[in-house]
Protein chains: 2
Amino acid sequence: MQSATEMSKCEQCIVRKFSSLKSLDKSELISISECKTSQQIEKGSFLFEEGDHLNGVYCIKSGICKLTKLASNGKSHIVKFIKKGDLLGQRSIVSDDAVGLSATAIETMEVCFIPKSEILSVFKNNANFSADIINDICYDLKLANEHIVQMAQKPVKSRFASSLLSLYEEFGVDKEGFLKISLSREEFANIVGTATESMIRMISDFSKKELIETEGKKIKLLNNVKLGLLAEDL
Amino acid sequence: MQSATEMSKCEQCIVRKFSSLKSLDKSELISISECKTSQQIEKGSFLFEEGDHLNGVYCIKSGICKLTKLASNGKSHIVKFIKKGDLLGQRSIVSDDAVGLSATAIETMEVCFIPKSEILSVFKNNANFSADIINDICYDLKLANEHIVQMAQKPVKSRFASSLLSLYEEFGVDKEGFLKISLSREEFANIVGTATESMIRMISDFSKKELIETEGKKIKLLNNVKLGLLAEDL
DNA sequence: TAAAAAGTATGATATTTGTCATTGTAAAAT
DNA sequence: ATTTTACAATGACAAATATCATACTTTTTA
């Protein structure tokens with residue numbers, strides 16, 4: 001539970017600016033404020049795991065997590081990243097099914113949890129909110145379909161180039177121009193769907209070709225145009 | 001427009017039994033009946049194409065279509081099949097964005113088109129309907145995520161075995177045990193994400209190993225257990 | 001019904017990608 | 001401070017998959 005001062009903060013919360021929660025009115029926000037709980041998730045720990053039953057929706061106030069799925073052969077795949085301003089677990093509003101993905105913090109996160117009962121009553125009374133939720137999920141589905149095609153039809157090099165550009169778009173760069181999100185070679189391999197060794201070689205190769213520059217785990221994109229061409233596999 | 005006798009048929013229509021439309025009440029169905037239009041789509045022609053703006057939802061009364069996406073390198077990928085009882089174009093209810101996929105009939109289809117305005121008013125007044133729509137889309141998203149992981153992490157053989165089993169589940173078999181849906185080698189290649197020649201070789205190989213039996217385009221699964229193991233890439 | 005077109009099959013070969021073994025290197029724990 | 005432990009790099013090789021050329025079949029079209 002929250003203190004009274006904290007409770008009132010939903011109205012100003014960053015998450016509202018980006019997510020479907022922008023469609024909520026004052027009274028809806030207040031009732032959500034009163035039943036939400038906050039928690040901090042340390043880097044490396046799970047927000048939830050594949051097979052868990054969620055009973056509400058998470059709002060991400062800060063930090064980043066990866067959504068992963070375990071393949072039957074034991075390999076883990078990174079499907080998507082979730083960051084500040086995103087909602088997570090929308091399906092639990094209308095379904096009691098287990099979640100299909102695990103959410104692991106790759107930077108310490110602050111999240112709020114809004115119980116299903118609360119969000120469901122808003123959902124039923126506010127058609128704009130439900131329309132926004134649908135629109136978000138449809139957009140995710142559209143991206144997922146593009147993702148499928150990319151995985152199925154493009155070689156590993158293209159997929160890596162494309163991932164780099166997406167991370168650039170989604171997370172931006174620091175003062176020195178390095179991607180703000182920093183991942184291990186294994187994590188990159190798990191985004192692209194290749195062996196870790198292949199990813200290591202590809203990173204060396206991209207560096208030699210001056211497409212990127214590395215400093216430990218940090219990566220700077222040097223030629224977005226060429227990376228774009230590579231991503232399209234022309 | 002429809003004749004009066006045809007108009008009344010929404011209530012008994014097959015699509016209602018399977019889709020989100022099951023949540024509609026009598027008066028909602030009647031008003032939909034009054035504004036829907038029917039059309040027949042010949043095998044091989046488009047219901048819509050990538051980039052089109054839909055202005056409503058399609059109900060599939062009969063036939064099958066494939067949803068495809070063109071990759072930037074010119075290859076086309078089959079993302080999903082749509083059959084009797086399915087809805088298509090749900091996103092257009094809440095968004096004016098262009099569709100991301102093309103829908104091509106692979107068996108002549110009978111479809112009804114319900115204009116956006118009509119379905120939107122139902123959507124706003126019937127929370128069960130909107131919940132059902134969300135649930136459907138979330139389920140599609142879940143499948144799409146599994147699909148991504150499969151494409152990224154599994155070899156072509158596994159993907160093919162898995163596709164065969166999915167088609168078996170989704171469409172069933174005829175009296176002689178052949179899959180009811182029949183596709184060209186190229187189409188199979190475009191499901192799995194491989195070259196047509198590779199698909200042809202793989203089909204020969206699966207036949208030799210008595211996993212399947214072919215007769216022209218028709219395919220019969222002979223050993224679902226082994227196919228399942230292959231699909232899991234163990 | 002002949003000719004054209006589309007679909008299927010197969011070999012030879014090149015390219016891509018994965019696996020296994022080994023070494024180096026940086027980070028974390030004691 | 002040093003010993004583990006995780007991560008990164010590289011070589012050698014094997015396996016998977018794509019490409020190109022060609023031939024054969026079936027279906028469509030004229």
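A, B, ... follow the sequence lines: proteins, then strands. Residue 1 opens every chain. Predicted, not measured: the structure shown is a model, and the values here were computed from it.
- In terms of position along DNA chain D, the nucleotide closest to A:Lys217 lies nearer the 5' end than the nucleotide closest to the other residue of the pair B:Gly193 and A:Lys217.
- Between A:Lys208 and B:Lys157, the residue anchored nearer the 5' end of DNA chain D, judged by the nucleotide with its closest heavy atom, is A:Lys208.
- The separation between B:Phe206 atom CZ and C:dT8 atom P is 17 Å, rounded to whole Å.
- Taking only distance into account, the side chain of A:Arg201 never meets the base of C:dG18 through a donor-acceptor pair shorter than 3.5 Å.
- Note that OG of A:Ser198 and CZ of A:Arg185 are 14.0 Å apart. Values are rounded to the nearest 0.5 Å.
- To the nearest 0.5 Å, the span separating CG on A:Asp174 from NZ on A:Lys220 amounts to 8.5 Å.
- A:Ser45 contributes no side-chain N or O that, together with a main-chain N or O of A:Ile41, makes up a donor-acceptor pair within less than 3.5 Å.
- Among C:dT10, D:dT17, C:dT17, the nucleotide with an atom closest to any side-chain atom of B:Ile200 is C:dT10.
- If you check C:dA9, C:dT10, C:dT17 against the side chain of A:Ser198, the one that comes closest is C:dT17.
- Within the structure, a side-chain polar atom (N or O) of B:Ser204 is placed less than 4.0 Å from OP1 or OP2 of C:dT10.
- Checking C:dT10, C:dT19, D:dA8 against the side-chain heavy atoms of A:Ala195 singles out C:dT19 as nearest.
- In this structure, of D:dA9, C:dT10, D:dT17, it is D:dT17 that holds the atom nearest to the side chain of B:Pro155.
- Minimum atom distance to the side chain of B:Thr194 is reached by D:dT17, of the listed D:dT17, C:dT8, D:dA8.
- One interatomic measurement links the two molecules: CD of A:Gln153 to P of D:dT17, which rounds to 14 Å at whole-angstrom precision.
- Going from atom NZ of B:Lys43 over to atom C1' of C:dA6 covers 13 Å, rounded to whole Å.
- Between A:Asp205 and A:Lys157 no salt bridge is recorded (no basic side-chain N to carboxylate O distance below 4.0 Å).
- Rounded to whole angstrom, the span from the CD atom of B:Glu215 across to the P atom of C:dT8 amounts to 15 Å.
- Here C:dT8 presents its P atom at 8 Å from CD1 of B:Ile203, a figure rounded to the nearest Å.
- Using modelled atom types, one finds a donor on one side chain and an acceptor on the other under 3.5 Å when comparing B:Glu110 with B:Ser62.
- Taking atom NZ of B:Lys154 as the reference point, atom P of C:dT17 lies 19 Å away to the nearest angstrom.
- The interatomic distance linking B:Ile106 (CD1) with C:dG7 (P) rounds to 14 Å, in whole Å.
- Toward the 5' end of DNA chain C, the nearer of the two residues A:Glu197 and A:Arg159, judged by each one's closest nucleotide, is A:Arg159.
- The CZ-P distance, from B:Phe188 to C:dG7, rounds to 15 Å in whole Å.
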